[in-house]
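Below, chains carry the letters A, B, ... as their sequence lines are ordered, and counting in each starts from 1.
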2 protein chains.
Amino acid sequence: MDRIDRVLLAHLQQDATQSYAALGQAVGLSAGAAHERVRKLRERGVIRRTTVDVDPVAVGNAVLAYVMIDSVSWMGDSAKDFAAIPEIVEAHVIAGSASVLVKVRTASTGRLQDVLRRIYAINGVSGTRATVVLETLVERPVSAQNQE
Amino acid sequence: MDRIDRVLLAHLQQDATQSYAALGQAVGLSAGAAHERVRKLRERGVIRRTTVDVDPVAVGNAVLAYVMIDSVSWMGDSAKDFAAIPEIVEAHVIAGSASVLVKVRTASTGRLQDVLRRIYAINGVSGTRATVVLETLVERPVSAQNQE
DNA sequence: AGTGAAATTTTAGCAAA
DNA sequence: TTTGCTAAAATTTCACT
(Lines give C-alpha, C1' and ligand atoms only; values in the text may rest on other atoms or scores of the structure.)
Protein backbone atom coordinates (compact mmCIF):
# COMPACT_ATOMS: atom_id res chain seq x y z
CA MET A 1 0.00 0.00 0.00
CA ASP A 2 2.11 2.86 -1.25
CA ARG A 3 1.09 6.22 -2.64
CA ILE A 4 0.45 4.79 -6.11
CA ASP A 5 -2.00 2.23 -4.74
CA ARG A 6 -3.87 4.99 -2.94
CA VAL A 7 -4.16 7.06 -6.10
CA LEU A 8 -5.35 3.99 -8.02
CA LEU A 9 -8.01 3.37 -5.36
CA ALA A 10 -9.17 6.97 -5.50
CA HIS A 11 -9.49 6.83 -9.28
CA LEU A 12 -11.33 3.51 -9.17
CA GLN A 13 -13.73 4.82 -6.52
CA GLN A 14 -14.55 7.72 -8.80
CA ASP A 15 -14.96 5.55 -11.92
CA ALA A 16 -14.38 1.82 -11.97
CA THR A 17 -15.29 1.54 -15.67
CA GLN A 18 -12.11 3.19 -16.95
CA SER A 19 -9.50 1.06 -18.70
CA TYR A 20 -6.24 -0.03 -17.11
CA ALA A 21 -4.50 2.02 -19.76
CA ALA A 22 -6.19 5.21 -18.48
CA LEU A 23 -5.62 4.13 -14.89
CA GLY A 24 -1.95 3.48 -15.56
CA GLN A 25 -1.53 6.83 -17.24
CA ALA A 26 -2.95 8.56 -14.14
CA VAL A 27 -0.12 7.15 -12.02
CA GLY A 28 2.63 6.95 -14.64
CA LEU A 29 2.55 3.20 -15.16
CA SER A 30 1.83 0.90 -18.09
CA ALA A 31 -1.57 -0.72 -18.40
CA GLY A 32 -0.07 -4.06 -17.42
CA ALA A 33 1.50 -2.73 -14.24
CA ALA A 34 -1.67 -0.92 -13.21
CA HIS A 35 -3.63 -4.08 -13.87
CA GLU A 36 -1.26 -6.12 -11.71
CA ARG A 37 -1.51 -3.67 -8.83
CA VAL A 38 -5.29 -3.61 -8.95
CA ARG A 39 -5.34 -7.41 -9.10
CA LYS A 40 -3.31 -7.54 -5.90
CA LEU A 41 -5.50 -4.93 -4.21
CA ARG A 42 -8.46 -7.19 -4.93
CA GLU A 43 -6.60 -10.30 -3.84
CA ARG A 44 -5.61 -8.71 -0.54
CA GLY A 45 -9.18 -7.58 0.08
CA VAL A 46 -8.38 -3.87 0.00
CA ILE A 47 -10.90 -3.72 -2.84
CA ARG A 48 -13.81 -5.72 -1.48
CA ARG A 49 -15.84 -5.58 -4.69
CA THR A 50 -16.68 -3.61 -7.78
CA THR A 51 -20.22 -2.34 -7.57
CA VAL A 52 -22.67 0.25 -8.85
CA ASP A 53 -23.92 3.13 -6.75
CA VAL A 54 -27.71 3.11 -7.11
CA ASP A 55 -29.80 6.20 -6.45
CA PRO A 56 -32.08 5.15 -3.55
CA VAL A 57 -34.87 7.50 -4.65
CA ALA A 58 -34.86 6.04 -8.17
CA VAL A 59 -35.52 2.56 -6.77
CA GLY A 60 -38.34 3.90 -4.62
CA ASN A 61 -36.59 4.30 -1.28
CA ALA A 62 -37.14 7.97 -0.60
CA VAL A 63 -37.05 7.82 3.19
CA LEU A 64 -33.73 7.60 5.03
CA ALA A 65 -33.70 7.17 8.79
CA TYR A 66 -31.33 6.24 11.58
CA VAL A 67 -32.62 4.17 14.45
CA MET A 68 -31.03 4.03 17.89
CA ILE A 69 -31.84 0.72 19.48
CA ASP A 70 -31.84 -0.02 23.21
CA SER A 71 -31.49 -3.58 24.37
CA VAL A 72 -31.51 -5.68 27.50
CA SER A 73 -28.81 -8.09 26.28
CA TRP A 74 -25.66 -8.25 24.18
CA MET A 75 -26.55 -7.68 20.54
CA GLY A 76 -23.26 -8.84 19.02
CA ASP A 77 -24.82 -12.10 17.84
CA SER A 78 -27.81 -10.47 16.18
CA ALA A 79 -26.22 -9.72 12.81
CA LYS A 80 -28.50 -12.20 11.05
CA ASP A 81 -31.64 -10.74 12.61
CA PHE A 82 -30.79 -7.29 11.32
CA ALA A 83 -29.60 -8.57 7.95
CA ALA A 84 -32.95 -10.32 7.50
CA ILE A 85 -34.64 -6.93 7.17
CA PRO A 86 -33.79 -5.78 3.63
CA GLU A 87 -34.47 -2.10 4.36
CA ILE A 88 -31.58 -2.09 6.84
CA VAL A 89 -28.43 -0.99 5.01
CA GLU A 90 -26.19 -0.65 8.06
CA ALA A 91 -26.24 -1.96 11.63
CA HIS A 92 -23.53 -1.20 14.17
CA VAL A 93 -22.95 -2.10 17.79
CA ILE A 94 -22.11 1.18 19.50
CA ALA A 95 -20.57 2.48 22.69
CA GLY A 96 -22.74 4.83 24.67
CA SER A 97 -26.35 5.12 25.75
CA ALA A 98 -27.95 2.92 23.05
CA SER A 99 -26.81 -0.56 21.96
CA VAL A 100 -27.17 -0.61 18.20
CA LEU A 101 -27.38 2.06 15.52
CA VAL A 102 -29.17 1.13 12.34
CA LYS A 103 -29.45 2.92 8.99
CA VAL A 104 -32.70 2.28 7.15
CA ARG A 105 -33.98 3.15 3.67
CA THR A 106 -37.70 2.72 3.01
CA ALA A 107 -40.28 3.74 0.44
CA SER A 108 -42.36 5.71 2.94
CA THR A 109 -42.71 6.58 6.60
CA GLY A 110 -45.39 3.90 6.76
CA ARG A 111 -42.81 1.33 5.69
CA LEU A 112 -40.42 2.77 8.26
CA GLN A 113 -42.98 1.93 10.91
CA ASP A 114 -43.08 -1.66 9.60
CA VAL A 115 -39.33 -1.86 9.92
CA LEU A 116 -39.44 -0.50 13.47
CA ARG A 117 -41.98 -3.17 14.32
CA ARG A 118 -39.69 -5.86 12.91
CA ILE A 119 -36.74 -4.44 14.83
CA TYR A 120 -38.80 -4.55 18.00
CA ALA A 121 -39.42 -8.23 17.38
CA ILE A 122 -35.68 -8.99 17.53
CA ASN A 123 -34.67 -10.79 20.72
CA GLY A 124 -33.32 -8.45 23.38
CA VAL A 125 -34.54 -5.19 21.81
CA SER A 126 -36.22 -3.03 24.42
CA GLY A 127 -36.70 0.25 22.59
CA THR A 128 -36.12 2.27 19.41
CA ARG A 129 -35.64 5.95 18.64
CA ALA A 130 -35.92 6.81 14.95
CA THR A 131 -34.41 9.93 13.43
CA VAL A 132 -35.61 10.85 9.96
CA VAL A 133 -33.20 12.50 7.51
CA LEU A 134 -34.55 15.67 5.90
CA GLU A 135 -31.67 16.31 3.51
CA THR A 136 -28.38 14.60 2.70
CA LEU A 137 -25.50 17.07 2.51
CA VAL A 138 -22.60 14.66 1.93
CA GLU A 139 -22.48 11.02 0.81
CA ARG A 140 -19.25 9.56 -0.57
CA PRO A 141 -16.84 6.62 -0.29
CA VAL A 142 -14.11 6.44 2.35
CA SER A 143 -11.14 8.55 1.40
CA ALA A 144 -8.25 6.27 0.51
CA GLN A 145 -5.93 9.22 0.84
CA ASN A 146 -6.11 10.72 4.33
CA GLN A 147 -3.11 8.83 5.55
CA GLU A 148 -0.55 11.61 5.25
CA MET B 1 -37.92 0.58 -14.17
CA ASP B 2 -39.49 -2.82 -14.47
CA ARG B 3 -38.64 -6.06 -12.74
CA ILE B 4 -35.80 -6.81 -15.19
CA ASP B 5 -34.09 -3.50 -14.44
CA ARG B 6 -34.28 -4.26 -10.74
CA VAL B 7 -32.69 -7.66 -11.19
CA LEU B 8 -29.95 -6.13 -13.34
CA LEU B 9 -29.27 -3.55 -10.63
CA ALA B 10 -29.08 -6.21 -7.93
CA HIS B 11 -26.61 -8.24 -10.01
CA LEU B 12 -24.49 -5.20 -10.76
CA GLN B 13 -24.43 -4.19 -7.11
CA GLN B 14 -23.09 -7.62 -6.26
CA ASP B 15 -20.49 -7.65 -9.04
CA ALA B 16 -20.11 -4.89 -11.59
CA THR B 17 -17.21 -6.64 -13.34
CA GLN B 18 -19.34 -9.36 -14.93
CA SER B 19 -19.92 -9.31 -18.68
CA TYR B 20 -23.11 -8.14 -20.34
CA ALA B 21 -23.45 -11.66 -21.67
CA ALA B 22 -23.62 -13.06 -18.12
CA LEU B 23 -25.85 -10.21 -17.03
CA GLY B 24 -28.20 -10.81 -19.94
CA GLN B 25 -28.35 -14.51 -19.21
CA ALA B 26 -29.42 -13.77 -15.62
CA VAL B 27 -32.53 -11.99 -16.90
CA GLY B 28 -33.12 -13.88 -20.14
CA LEU B 29 -31.87 -11.21 -22.53
CA SER B 30 -29.09 -10.98 -25.10
CA ALA B 31 -25.86 -9.20 -24.20
CA GLY B 32 -26.81 -6.29 -26.43
CA ALA B 33 -30.19 -5.82 -24.77
CA ALA B 34 -28.68 -6.02 -21.29
CA HIS B 35 -26.09 -3.47 -22.31
CA GLU B 36 -28.74 -1.10 -23.64
CA ARG B 37 -30.77 -1.34 -20.44
CA VAL B 38 -27.73 -0.69 -18.27
CA ARG B 39 -26.76 2.24 -20.49
CA LYS B 40 -30.19 3.77 -19.94
CA LEU B 41 -30.04 3.14 -16.19
CA ARG B 42 -26.79 5.12 -16.17
CA GLU B 43 -28.19 7.83 -18.41
CA ARG B 44 -31.26 8.28 -16.21
CA GLY B 45 -29.07 8.48 -13.10
CA VAL B 46 -30.47 5.33 -11.51
CA ILE B 47 -26.90 4.09 -11.57
CA ARG B 48 -24.97 7.07 -10.24
CA ARG B 49 -21.56 5.52 -10.83
CA THR B 50 -19.54 2.34 -11.01
CA THR B 51 -17.14 2.20 -8.12
CA VAL B 52 -15.01 -0.05 -5.95
CA ASP B 53 -15.86 -0.83 -2.35
CA VAL B 54 -12.67 -0.20 -0.38
CA ASP B 55 -12.07 -1.81 3.01
CA PRO B 56 -11.74 1.18 5.38
CA VAL B 57 -9.41 -0.69 7.73
CA ALA B 58 -7.06 -1.57 4.86
CA VAL B 59 -6.63 2.12 4.03
CA GLY B 60 -5.96 2.92 7.67
CA ASN B 61 -9.37 4.13 8.80
CA ALA B 62 -10.11 1.75 11.64
CA VAL B 63 -12.35 4.05 13.68
CA LEU B 64 -15.98 4.57 12.69
CA ALA B 65 -18.11 7.08 14.58
CA TYR B 66 -21.39 8.91 14.26
CA VAL B 67 -21.60 12.49 15.46
CA MET B 68 -24.81 14.25 16.43
CA ILE B 69 -24.39 17.95 15.88
CA ASP B 70 -26.41 20.69 17.59
CA SER B 71 -26.60 24.08 15.96
CA VAL B 72 -27.94 27.55 16.56
CA SER B 73 -28.85 28.16 12.91
CA TRP B 74 -30.07 26.38 9.78
CA MET B 75 -27.37 24.04 8.52
CA GLY B 76 -28.82 23.38 5.08
CA ASP B 77 -26.23 25.60 3.42
CA SER B 78 -23.26 23.99 5.16
CA ALA B 79 -22.71 21.10 2.73
CA LYS B 80 -19.36 22.53 1.62
CA ASP B 81 -18.14 22.95 5.19
CA PHE B 82 -18.78 19.31 5.95
CA ALA B 83 -17.48 18.10 2.59
CA ALA B 84 -14.22 19.95 3.27
CA ILE B 85 -13.43 17.45 6.03
CA PRO B 86 -12.28 14.30 4.17
CA GLU B 87 -12.95 11.99 7.11
CA ILE B 88 -16.67 12.78 6.85
CA VAL B 89 -18.31 10.19 4.62
CA GLU B 90 -21.92 11.21 5.26
CA ALA B 91 -23.67 14.32 6.57
CA HIS B 92 -27.43 14.61 6.91
CA VAL B 93 -29.80 17.30 8.12
CA ILE B 94 -32.15 15.52 10.51
CA ALA B 95 -35.49 16.02 12.20
CA GLY B 96 -35.43 15.78 15.96
CA SER B 97 -33.29 16.97 18.83
CA ALA B 98 -30.01 17.46 16.96
CA SER B 99 -29.53 19.30 13.64
CA VAL B 100 -27.04 17.26 11.66
CA LEU B 101 -25.89 13.65 11.81
CA VAL B 102 -22.43 12.93 10.48
CA LYS B 103 -20.66 9.64 9.77
CA VAL B 104 -16.89 9.77 10.22
CA ARG B 105 -14.05 7.33 9.48
CA THR B 106 -10.67 8.10 11.00
CA ALA B 107 -7.37 6.35 11.61
CA SER B 108 -7.59 6.70 15.38
CA THR B 109 -9.62 8.21 18.19
CA GLY B 110 -7.04 10.99 18.28
CA ARG B 111 -7.89 11.84 14.69
CA LEU B 112 -11.57 11.67 15.62
CA GLN B 113 -10.92 14.42 18.13
CA ASP B 114 -9.31 16.51 15.36
CA VAL B 115 -12.42 16.03 13.24
CA LEU B 116 -14.69 17.04 16.13
CA ARG B 117 -12.61 20.19 16.53
CA ARG B 118 -13.01 21.00 12.84
CA ILE B 119 -16.76 20.36 13.05
CA TYR B 120 -16.96 22.73 16.00
CA ALA B 121 -15.32 25.40 13.87
CA ILE B 122 -18.18 25.29 11.35
CA ASN B 123 -20.44 28.32 11.56
CA GLY B 124 -23.55 27.72 13.66
CA VAL B 125 -22.37 24.51 15.35
CA SER B 126 -23.04 24.70 19.09
CA GLY B 127 -22.27 21.17 20.21
CA THR B 128 -21.32 17.60 19.22
CA ARG B 129 -22.03 14.17 20.65
CA ALA B 130 -19.85 11.42 19.18
CA THR B 131 -20.82 7.76 19.24
CA VAL B 132 -18.06 5.28 18.47
CA VAL B 133 -18.89 2.04 16.64
CA LEU B 134 -17.59 -1.10 18.32
CA GLU B 135 -18.58 -3.60 15.66
CA THR B 136 -20.34 -3.44 12.31
CA LEU B 137 -23.03 -6.09 11.95
CA VAL B 138 -24.46 -5.16 8.54
CA GLU B 139 -23.12 -2.98 5.73
CA ARG B 140 -24.54 -3.31 2.22
CA PRO B 141 -25.97 -1.35 -0.72
CA VAL B 142 -29.61 -0.26 -0.90
CA SER B 143 -31.86 -3.07 -1.95
CA ALA B 144 -33.11 -2.40 -5.46
CA GLN B 145 -35.78 -5.00 -4.92
CA ASN B 146 -37.99 -4.14 -1.96
CA GLN B 147 -40.66 -2.56 -4.08
CA GLU B 148 -43.07 -5.45 -4.16
C1' DA C 1 -37.02 -2.86 -27.08
C1' DG C 2 -34.56 -6.79 -28.61
C1' DT C 3 -31.43 -9.85 -31.72
C1' DG C 4 -27.34 -11.23 -34.00
C1' DA C 5 -23.10 -10.18 -35.73
C1' DA C 6 -19.12 -7.20 -37.12
C1' DA C 7 -15.62 -3.92 -35.76
C1' DT C 8 -13.05 -2.10 -32.07
C1' DT C 9 -11.16 -1.93 -27.44
C1' DT C 10 -9.87 -4.06 -23.33
C1' DT C 11 -8.30 -7.65 -20.51
C1' DA C 12 -5.36 -11.12 -18.97
C1' DG C 13 -1.51 -14.19 -19.45
C1' DC C 14 3.44 -14.65 -20.55
C1' DA C 15 8.44 -13.91 -21.63
C1' DA C 16 12.04 -10.85 -20.52
C1' DA C 17 14.55 -7.43 -17.95
C1' DT D 1 7.60 -5.17 -10.21
C1' DT D 2 7.37 -3.36 -14.53
C1' DT D 3 7.22 -3.66 -19.57
C1' DG D 4 5.77 -5.02 -24.11
C1' DC D 5 3.56 -8.42 -26.68
C1' DT D 6 -0.33 -11.27 -27.93
C1' DA D 7 -4.45 -14.26 -27.78
C1' DA D 8 -8.85 -14.27 -25.88
C1' DA D 9 -12.76 -11.86 -24.32
C1' DA D 10 -15.77 -8.05 -23.79
C1' DT D 11 -17.70 -3.75 -25.38
C1' DT D 12 -19.92 -1.02 -28.65
C1' DT D 13 -22.19 -0.10 -32.89
C1' DC D 14 -25.35 -1.21 -36.51
C1' DA D 15 -28.74 -3.19 -39.68
C1' DC D 16 -32.85 -5.73 -39.04
C1' DT D 17 -37.01 -7.36 -36.47
Side-chain angles (χ1 to χ4, degrees), chain A residues 1-61 107 141-148, chain B residues 1-61 140-148:
Chain A
M1 272 296 291
D2 58 3
R3 226 189 63 79
I4 292 178
D5 282 334
R6 272 189 257 278
V7 175
L8 287 174
L9 286 175
H11 278 259
L12 284 172
Q13 282 179 320
Q14 199 139 37
D15 176 16
T17 67
Q18 67 196 293
S19 70
Y20 289 113
L23 218 46
Q25 204 153 37
V27 295
L29 286 180
S30 71
H35 181 250
E36 178 63 11
R37 275 176 176 264
V38 173
R39 193 193 62 73
K40 282 181 185 160
L41 286 169
R42 286 186 211 280
E43 190 183 56
R44 285 161 42 206
V46 177
I47 294 175
R48 292 197 281 212
R49 62 175 159 180
T50 302
T51 182
V52 291
D53 178 21
V54 172
D55 179 9
V57 177
V59 294
N61 285 10
V142 228
S143 169
Q145 300 193 86
N146 22 307
Q147 282 330 292
E148 57 203 296
Chain B
M1 271 297 291
D2 58 2
R3 226 189 65 78
I4 292 179
D5 282 335
R6 271 190 257 278
V7 175
L8 287 174
L9 286 175
H11 279 259
L12 283 172
Q13 283 179 320
Q14 201 140 35
D15 176 16
T17 67
Q18 68 194 292
S19 69
Y20 289 112
L23 218 45
Q25 205 154 36
V27 294
L29 286 179
S30 69
H35 180 250
E36 179 63 10
R37 275 178 177 263
V38 173
R39 193 192 63 72
K40 281 181 185 160
L41 286 169
R42 285 185 211 278
E43 189 183 57
R44 285 162 41 208
V46 177
I47 294 175
R48 293 197 281 213
R49 62 176 159 179
T50 302
T51 183
V52 292
D53 177 21
V54 173
D55 178 8
V57 176
V59 294
N61 285 12
R140 62 186 174 199
V142 224
S143 170
Q145 299 194 90
N146 23 308
Q147 282 331 290
E148 57 205 300

- Query: Can you tell if the side chain of B:Leu12 reaches within under 4.5 Å of the side chain of A:Thr51, non-hydrogen atoms only?
  - Reply: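 Not touching, per the 4.5 Å side-chain cut-off.
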- Kindly indicate whether the side chain of A:Glu36, heavy atoms from C-beta on, has any atom under 4.5 Å from the side chain of A:Ser30.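 A side-chain contact under 4.5 Å is absent here.
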Write down the distance between [atom1] ([X]) and [atom2] ([N]), rounded to a whole number of angstrom.
X       : N      : atom1 : atom2 : value
B:Gln18 : C:dT10 : CD    : P     : 20 Å
B:Gln25 : C:dG4  : CD    : P     : 13 Å
B:Tyr20 : C:dT11 : OH    : P     : 12 Å
A:Arg39 : C:dA12 : CZ    : C1'   : 10 Å
A:Leu29 : D:dG4  : CG    : P     : 11 Å
A:Arg42 : C:dT11 : CZ    : C1'   : 12 Å
B:Glu36 : D:dT12 : CD    : C1'   : 11 Å
B:Asp2  : C:dA1  : CG    : P     : 9 Å

- Salt bridge A:Asp2-A:Arg37, side-chain N to carboxylate O under 4.0 Å: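 A salt bridge is present here (some side-chain N lies under 4.0 Å from a carboxylate O).
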- Give a yes or no on whether A:Gln25 atom CD has more than 12 heavy-atom contacts from other residues, nucleotides or ligands under 6.0 Å away.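 Result for CD/A:Gln25: open.
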- Task: Answer yes or no: does a side-chain N or O of A:Arg37 lie under 4.0 Å from OP1 or OP2 of D:dT2?
- Result: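 So the side-chain polar atoms of A:Arg37 do come within 4.0 Å of the phosphate oxygens OP1 or OP2 of D:dT2, strictly under.
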- Between C:dA12 and A:His35, is there an OP1 or OP2 to side-chain N/O distance shorter than 4.0 Å?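 Result: yes.
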- Query: Which of the following nucleotides, C:dT3, D:dT11, C:dT10, is nearest to the side chain of B:Ser19?
  - Reply: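 Side chain of B:Ser19 sits closest to D:dT11.
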